[in-house]
Every structure is written in C-alpha cells, then in structure tokens.
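Reviewing the structure listed below.
Heads up: numbering here begins at 1 and tracks the sequence. In each ligand, atom 1 is the first atom listed, and ligand 1 is the first ligand listed.
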Amino acid sequence: MIAPLDTLYRLIKPIMFRIDAERAHDLVGVGLAACPPAWLRRLMGTGSAVDPLLSIDVAGIRFAHPFGIAAGFDKQARLLHACAALGVSHVEIGTVTPRAQPGNPRPRMFRIPRDGAVINRLGFNSVGAAAVAGVLHRARRRGVGALLRIGVNIGKNRDTPLERAHDDYLIAFDALASDADYVAVNISSPNTPGLRQLHERAALRALLDGLVARRQAMARRVPLFLKVSPDERDAQLQQVVEVALDSGIDGLIATNTTLARDGLSAPVSHTGGLSGRPLLARARRTIAMLAVMTEGRLPIIGVGGVDDAESAYGHIRAGAHLVQCYTGLIYQGPGLPARLAHGVAVRLRADGFTALREAIGVDRHRWC
Ligand SMILES: Cc1cc2nc3c(=O)[nH]c(=O)nc-3n(C[C@H](O)[C@H](O)[C@H](O)COP(=O)(O)O)c2cc1C
C-alpha cells in the first residue's frame, strides 16, 4: 500500500529535514496547493471506496472514516483540495484569530527526529478571520465540502486582554461558522500567554455560553467542539466536562501540544508545545479520562502522537470517535491517513467488531 506520493515523500524527506521545519512545511504546502487535485488523487491512489465499517456519525455529521488532519497544518484553508485528495475524512483549519497577526519570531518550529516529535511556538500566526473566511467560502463554492468535512479552529489575538477573550472568539465565530462543518474552540495552545486559563470554570462558562447563544441565531446548528490541553489536573478536567455538558456544546478535542517533556530520549532546550510520539501516552490518558467523565455523553476527537494504525486504534479504544494527526504526517508521509484506515479496519475485524462505534471507549478504564 505504498502510494507514489509516499515514495516521492520518502525521497525528498532527507532534503526537507535539512531545512528549517516551518520552511519545509511551507514548501510542501506550496507543492500541494499547486498540484491539481486529480493528479494528487492519482499520486495518492485515493478515490477507492472506503471500508463501510469505518463510517461514523459524530455530532450529526457523517464522516466516511475517523481519520483527519489536526489544526495547525492548514492555518489559512489553502490546502483543502489537497487534504481531500489525501483521503482524510476531515481537516481542522486554523487556528484563526479575528485580526491578522504574525505569531512569534522564527525559528519557531523544531523537529526531534529520534523521538518522532516536534516542538512549536508558532503563537497563532494567522491571516485573520476575514481573509480565511473568503478563502473558505470560495473553496466551498468550488465543492470541496463534498469530499471533506471542514472544522474551523478559532482562537484569540495575542494582544487581546484575557478578560476580553470572549469577544475575539465571537468575532472569529461570526466570520467563519457559516462555512464550517464544526467549530473548534481552542483554549489550549501553550504559545499564547494566559490562554489556558480559559479552562477555569467561570471563564469557560462565559465563553461557551456566549458561543452557544451566537449559534442559536444561525439558520444551521453548527456543532461546537472544545479543544483541551493535555496538561490539566484531573480536577480541572472534571470542571471542563461539567461546563461543557451544561453549556450544550457538542464535543471535545483531546489534546493540544504539551509543555511537559517526558517521553523524550534526551533533553531538548526549545520552548513551546511538544507533539508527536512523546505526547501519545498523555493524550491517550486525557482521552480516556474524558470518556469516563462524560460517560459517553460527548463525542471526543482524539489527537496526539498518532503515527500508525496501532496508535490510532488505541485512541479509539480509549474513547475517541474521530482521530486526527499532524506530527505523524511529517514523519510518516502523506500516505499515513490511508494506512490508518486500512490498519484500523483490519484490527476492528480481528477483534470481532461489526462497526467502529462498538470499539469506542472499550479500554477507557485501562488508561485512567
Ligand atoms: C507546527 C504545529 C502547529 C500547530 N498549530 C496548532 C494550532 O494553530 N491550533 C491548534 O489547536 N493546534 C495546533 N497544533 C496542535 C495539533 O493540532 C495537535 O493537537 C498536536 O500537534 C498533537 O497532535 P500530533 O501529535 O499528531 O501532532 C499544532 C501542532 C504543530 C506541530
């Protein structure tokens, strides 16, 4: 199951890994955006029927299979046709901030190949909500949504005081929600000072109530997901779950990058959020804790450290309804989503499940 694009990626990867990680990411983006989707599909070998065992409805949305691309990969919605051609069921664009902002000074993204990890401190570099809304709207009109579910991840500008963070989320929501299949409320990036304080009960309550009220004014009920940090104490997670359930949002995303440095084979001095393989266990535990705390009342998108079918299947068995990856794509190449779909379907059958839904959360108590 090696697609031609995977072979190509394996050939260029050693060269890409010699240049700055963000620059390499930008170059891949330019290449993907320039390549006609039909060519990409041929190069990827995608377009063949997806195993019906993998299809799932989450928050009222039908996903052909659970595997998608996490926030940060396509911050500006410029790679939607490419993402569809890669065969993912969904992509979460963003994080998008209301106003354009440059993010932190470069270099701000670092690979740690021996651990299959990345540290980033991009700090929400964004072209702003109005610009992304225009791109997204045009892509929708060209029909990209037929193949791909699109989540829009929103955040606050760095210079907006935390007390006024709610206004930023509302501005971004108003600009983007009408073209989103779901909206992800990002309170968990470690690179925007103070952002994670929005996990606190009162602040979170006000934030989610405001967004829920706003979507009630819309013609369509856009599902709202809350993206949480892997670094919260259990008591804090419990509060998040209570507020999430009370507010009437539709699901949780676990997790963002971690400030912890466990799982690395040697110390690394870069500051920022750690993703990839060293995050796997921490993300897995958070998914399982949330699955137990919500008692299945809120779907969970599991993200963190997935780089093969075994790790994806583990997240599903811990409680994830959908699974996203980003760092795994950097190390394993564009064929990863197709390999996840194949490998998880094989594992589901081997374990005697007749639908993906039956496997979700069966191991949740094992990880808590
Ligand atoms: C370079 C980079 C940029 C990211 N940017 C964002 C972002 O803008 N918003 C967000 O919610 N998560 C962002 N993330 C976090 C990912 O969406 C994901 O939660 C995290 O990387 C764990 O998944 P992974 O181990 O598969 O990479 C970013 C991750 C990386 C590596």
task = Below 4.0 angstrom from a heavy atom of Lys75, which ligand 1 atoms are there? Numbered from 1 as shown, please.
result = 5 (N), 7 (C), 8 (O)
task = Please identify which atoms of ligand 1 are closer than 4.0 Å to at least one heavy atom of Thr327.
result = 24 (P), 25 (O), 26 (O), 27 (O), 31 (C)
Gly305 to ligand 1, any heavy atom closer than 4.0 Å = yes
query = Who's the nearest protein heavy-atom neighbour of atom 4 (C) of ligand 1, and how far?
reply = Gly72 CA, 3.6 Å
Side chain, backbone, both or neither: Asn256 near ligand 1, heavy atoms under 4.0 Å = both
query = Say you draw a straight line from CZ of Arg215 to CG of Asp250; how long is it, rounded to the nearest 0.5 Å?
reply = 4.5 Å
message = Under 4.0 Å from a heavy atom of Gly276: which atoms of ligand 1 are those, numbered in the order shown and with their elements?
response = 25 (O)
message = Among all the protein's non-hydrogen atoms, which is closest to atom 31 (C) of ligand 1, and how far away is it?
response = Ser275 OG, 3.5 Å
query = Can a salt bridge be assigned to the pair Arg317 and Asp363 using a cut-off of 4.0 Å between side-chain N and carboxylate O?
reply = yes
task = State, without any angle test, whether Gln332 and Tyr9 hold a side-chain donor-acceptor pair at a distance under 3.5 Å.
result = no
request  = Quick one: list whatever passes side-chain hydrogen bond (donor to acceptor under 3.5 Å, both in side chains) with Arg277, sequence neighbours left out.
outcome  = Asp307
note = atom 28 (C) of ligand 1: closest protein heavy atom, distance to 0.1 Å, is Ala71 O, 3.6 Å
message = If the contact criterion is a heavy-atom separation under 4.0 Å, does Thr255 count as touching ligand 1?
response = yes
remark   = for atom 23 (O) of ligand 1, nearest protein heavy atom and its distance come out as Val303 CG2, 3.3 Å
ask   = Where on Lys227 is there a heavy atom closer than 4.0 Å to ligand 1, on the side chain, on the backbone, on both, or on neither?
value = side chain
inquiry  = My understanding is that only one of Asp167, Asp209, Asp174 makes a salt bridge (Lys or Arg N to Asp or Glu O under 4.0 Å) with Arg214; could you say which?
reply    = Asp174
remark   = the protein heavy atom lying closest to atom 26 (O) of ligand 1 turns out to be Tyr326 N, 3.0 Å
Enumerate, atom names and distances included, each donor-acceptor pair closer than 3.5 Å involving a side-chain atom of residues 263-271, sequence neighbours excluded.
| unit_1 | atom_1 | unit_2 | atom_2 | d |
| --- | --- | --- | --- | --- |
| Ser265 | OG | Arg114 | NE | 3.3 |
| Ser265 | OG | Asp115 | OD1 | 2.9 |
| Ser265 | OG | Asp115 | OD2 | 3.2 |
| Thr271 | OG1 | Arg121 | NH1 | 3.1 |

task = For Met109, take its heavy atoms, then give the atoms of ligand 1 lying under 4.0 Å from any of them.
result = 1 (C)
task = Name the closest protein heavy atom to atom 22 (C) of ligand 1, giving the residue it belongs to and the distance to 0.1 Å.
result = Leu279 CD2, 3.5 Å
ask   = Which atoms of ligand 1 are found less than 4.0 Å from any heavy atom of Gly94?
value = 8 (O)
ask   = What are the atoms of ligand 1, with element, lying closer than 4.0 Å to any heavy atom of Leu122?
value = 1 (C), 3 (C)
key: Donor-acceptor side-chain pairing of Thr258 and Asp231 below 3.5 angstrom   = yes
request  = For the pair Arg164 and Asp159, find out whether any cationic side-chain nitrogen is under 4.0 Å from an anionic carboxylate oxygen.
outcome  = no
ask   = Can you tell me the protein heavy atom closest to atom 20 (C) of ligand 1 and the distance?
value = Thr257 CG2, 3.9 Å
task = Heavy-atom contacts with Cys325 under 4.0 Å: which atoms of ligand 1 show up? List them by number with element.
result = 26 (O)
query = Atoms of ligand 1 less than 4.0 Å from Thr95 heavy atoms?
reply = 7 (C), 8 (O), 9 (N), 10 (C), 11 (O)
inquiry  = Between Arg106 and Asp26, does any side-chain N to carboxylate O distance fall below 4.0 Å?
reply    = yes
